[in-house]
Amino acid sequence: DVVIVARLSLGLLLTIIFHTSFASLLNKQKAALAKEAGEDYLTGILNRRSFTKWLDKEIPEAIQRKTNLALLYIDLDDFKRINDSYGHDIGDEILKKTSERMMQVVRTNDVLACLDESFNVARIAGDEFSLVLTNVNQVKNVETIVERLLNSLSESYKVDNLILNINASIGIAMAGTDGDTTEMLMKNADAAMYKAKKEGKKRYQFFNAEIALELSSDKNIERGLQQALANDQFYLVFMPIYCTDTLKMTGVEVLIRSASPDLEGVGPDKYIPIAERCGLIYDIDLLVIEKALQKILYMAQINIVQPLLFCINISAKELINPSIVDKLSFLLKKYNVDSSLIELEITETSLVGHGSKSITTLKKLKELGVRLSLDDFGTGYTAFNQLSNYPVDTLKIDRSFVNNIGRHDNVKRSMVDVISSLAKLYELNIVAEGVETEAQLNYLRNLHCQQVQGYYLSKPLQWEDFLKLVKSK
Ligand code: C2E
Ligand code: CA
Ligand code: CA
């Protein structure tokens, strides 16, 4: 019997292997053919390449004809969550339906001048689409279509037995006024989309002077970041973390600062997100890690034996950066630093969206022996029962919740209580940040929240001052 079962299952296995490899071969072939035809293999609409080729021709013509051409940049809100929660097959179905709905809206419209060649739709990447309307009589007509699009896209999607709800955000740029090349129009429509998304979901936004200004100021900051990296103008400040009961210093959070004149008046709150968008964040994170390790080595060399945990912020992007683990490991060896003295802080929101990939990186980081903490905890969407899947050691309660202790905002005040019970349940260490008053400190002490940091205890310190403080203890 055992042999038969084994044979049967071997047969089954081979059949499965055959079918899956055959299916994937077919899919690959399909994708290659679609690509050749300028189509997106999944949705059948244009792919990015053929779409931009078409636009390159269409934009100058529209400008010359003096007819309106509107480029819409459409992005699904929280689509990654659908992929993570229900799998890529469901995600793919949604994308197909999205493109069908977009086609439907433009095809059945009654506001475009000449129906036949007055639009084109493409999938630009993942959940990003672009739709171009040519021959629009009035800008008002663009609005009409955009509103219809938003309504259509936000209707529930039925896939398998699921009913899913998704919204979209749309940015719009007009040829001529907002740019005269494909690249410019796409960039500006994308910036407008970004703005729409920031304002909330299911919104649209035309590109305008204010967005243009923000774009150029972001560009200046990006240049400033590049300069600061090239000229070694970043340095660290040190914010002590204390044991709530004894007020003994147990650790320190390192925070980045810049001495570059190009970044004057701009803090990390502003420039870190820009560094994340333009890709400079990887260099910045490594630089911060390296500078922190140098300080730890120095403290060992001058015989400061009090073990302090060094908490280093890293960007969410590192969790999908394949080289972070090796680079950190290399630096730990280079400076001969015991990995248990390091805690990496990662914002909670970063875990949502990239799902399993993030968790794999977190596990690899943990294997190096470093500790991990979830920063700004309470502001993201972590399903609390997922906490057991994350290999983290610490929850860092977001400043906004601590801030509300002692005020009459029961909802936020109770967040501190909820998070600290949660931490107990999952046996996680807890740090409350942003403690600014004695009342807040006492409240946290009563909750048995183990560690605190904040202006009430110490502001971030320059290295020399921090060292004095450590030595004085
Ligand atoms: P974060 O990680 O939540 O850092 C805490 C921020 O809150 C710091 O601002 C700190 O100065 C401030 N803070 C701490 N306690 C108090 C308080 O009691 N009252 C008030 N009003 N503020 C308090 P900072 O240094 O401006 O950093 C802002 C954010 O920039 C950080 O938020 C973090 O997300 C990012 N960041 C800072 N340094 C780095 C870094 O080296 N690498 C990366 N990737 N991000 C960094
Ligand atoms: Ca932090
Ligand atoms: Ca924080």
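Order of appearance sets the numbers: ligands from 1, and atoms from 1 within every ligand. Sequential numbering from 1 along the given sequence is applied to the chain's residues.
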If you count the atoms of ligand 1 from 1 in the order shown, which ones are under 4.0 Å from a heavy atom of [X]?
X      : value
Val288 : 41 (O)
Val435 : 18 (O)
Gly454 : 15 (N), 18 (O)
Ser315 : 44 (N)
Gly434 : 15 (N), 16 (C), 17 (C), 18 (O)

Closer than 3.5 angstrom, by distance alone: can the side chain of [X] be matched with the main-chain N or O of [Y] as a donor-acceptor pair?
X      : Y      : result
Ser315 : Ile281 : no
Asn47  : Arg49  : yes
Glu318 : Ile314 : no
Ser420 : Val416 : yes
Asp78  : Arg81  : no
Asn208 : Glu210 : yes

**Request:** Determine whether the side chains of Gln233 and Gln227 contain a donor N or O and an acceptor N or O closer than 3.5 Å.
**Result:**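 No donor-acceptor contact under 3.5 Å links the two side chains.
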
With heavy atoms under 4.0 Å as the rule, classify the contact between [X] and ligand 1 as side chain, backbone, both or neither.
X      : result
Ile312 : neither
Asp376 : side chain
Lys459 : neither
Asp285 : side chain

**Request:** May I ask you to check if ligand 1 and Ile281 share an N or O to N or O distance below 3.5 Å?
**Result:** no

**Prompt:** Between Tyr456 and ligand 1, does any nitrogen or oxygen pair lie at a separation below 3.5 Å?
**Reply:** no

**Message:** Tell me whether ligand 1 is touched by Glu253 - counting only heavy atoms on the residue side and a distance under 4.0 Å.
**Reply:**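 Yes, Glu253 has a heavy atom closer than 4.0 Å to ligand 1.
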
**Item:** Minimum-distance atom from the Ca ion (ligand 2) among N, O or S atoms of Asp375
**Value:**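 Asp375's closest N, O or S atom to the Ca ion (ligand 2) is named OD2.
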
**Which atom of Glu345 approaches the Ca ion (ligand 2) most closely (N/O/S)** = OE1

**Asked** When Leu395 is tested against each of Asp376, Asn429, Leu387, Asp375 for side-chain contact (heavy atoms from CB on, under 4.5 Å), which residue passes?
**Response** Leu387

**Item:** the Ca ion (ligand 2) to nearest N/O/S of Asn313 below 3.0 Å
**Value:**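 True for Asn313.
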
**Prompt:** Between the Ca ion (ligand 2) and Glu253, is there an N, O or S atom separated by less than 3.0 Å?
**Reply:**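 It does; at least one qualifying atom falls short of 3.0 Å.
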
Option nearest [atom] (shortest heavy-atom distance, choices [options]):
atom                    : options                : result
atom 15 (N) of ligand 1 : Arg399, Gln453, Met239 : Met239
atom 11 (O) of ligand 1 : Ala316, Ala275, Pro460 : Pro460
atom 25 (O) of ligand 1 : Glu345, Glu433, Arg257 : Arg257
atom 42 (N) of ligand 1 : Ile346, Asn313, Leu287 : Asn313
atom 37 (C) of ligand 1 : Pro268, Gly267, Ser458 : Pro268

**Prompt:** Would Asp190 and Lys187 satisfy salt bridge (Lys or Arg N to Asp or Glu O under 4.0 Å), going step by step from the backbone distance to the final call?
**Reply:** CA-CA 5 Å; Asp190 182 38; Lys187 205 181 88 197; over 6 Å; no

**Asked** In terms of side-chain geometry, is the basic nitrogen of Glu367 or Lys364 positioned less than 4.0 Å from the acidic oxygen of its partner?
**Response** no

**Prompt:** Any salt bridge between Lys195 and Glu214, counting N to O under 4.0 Å?
**Reply:**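 Between Glu214 and Lys195 there is a salt bridge, with a charged N closer than 4.0 Å to a carboxylate O.
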
**Mutual orientation of the aromatic rings belonging to Phe238 and Trp463 [parallel < 30°, tilted 30-60°, perpendicular > 60°]** = tilted

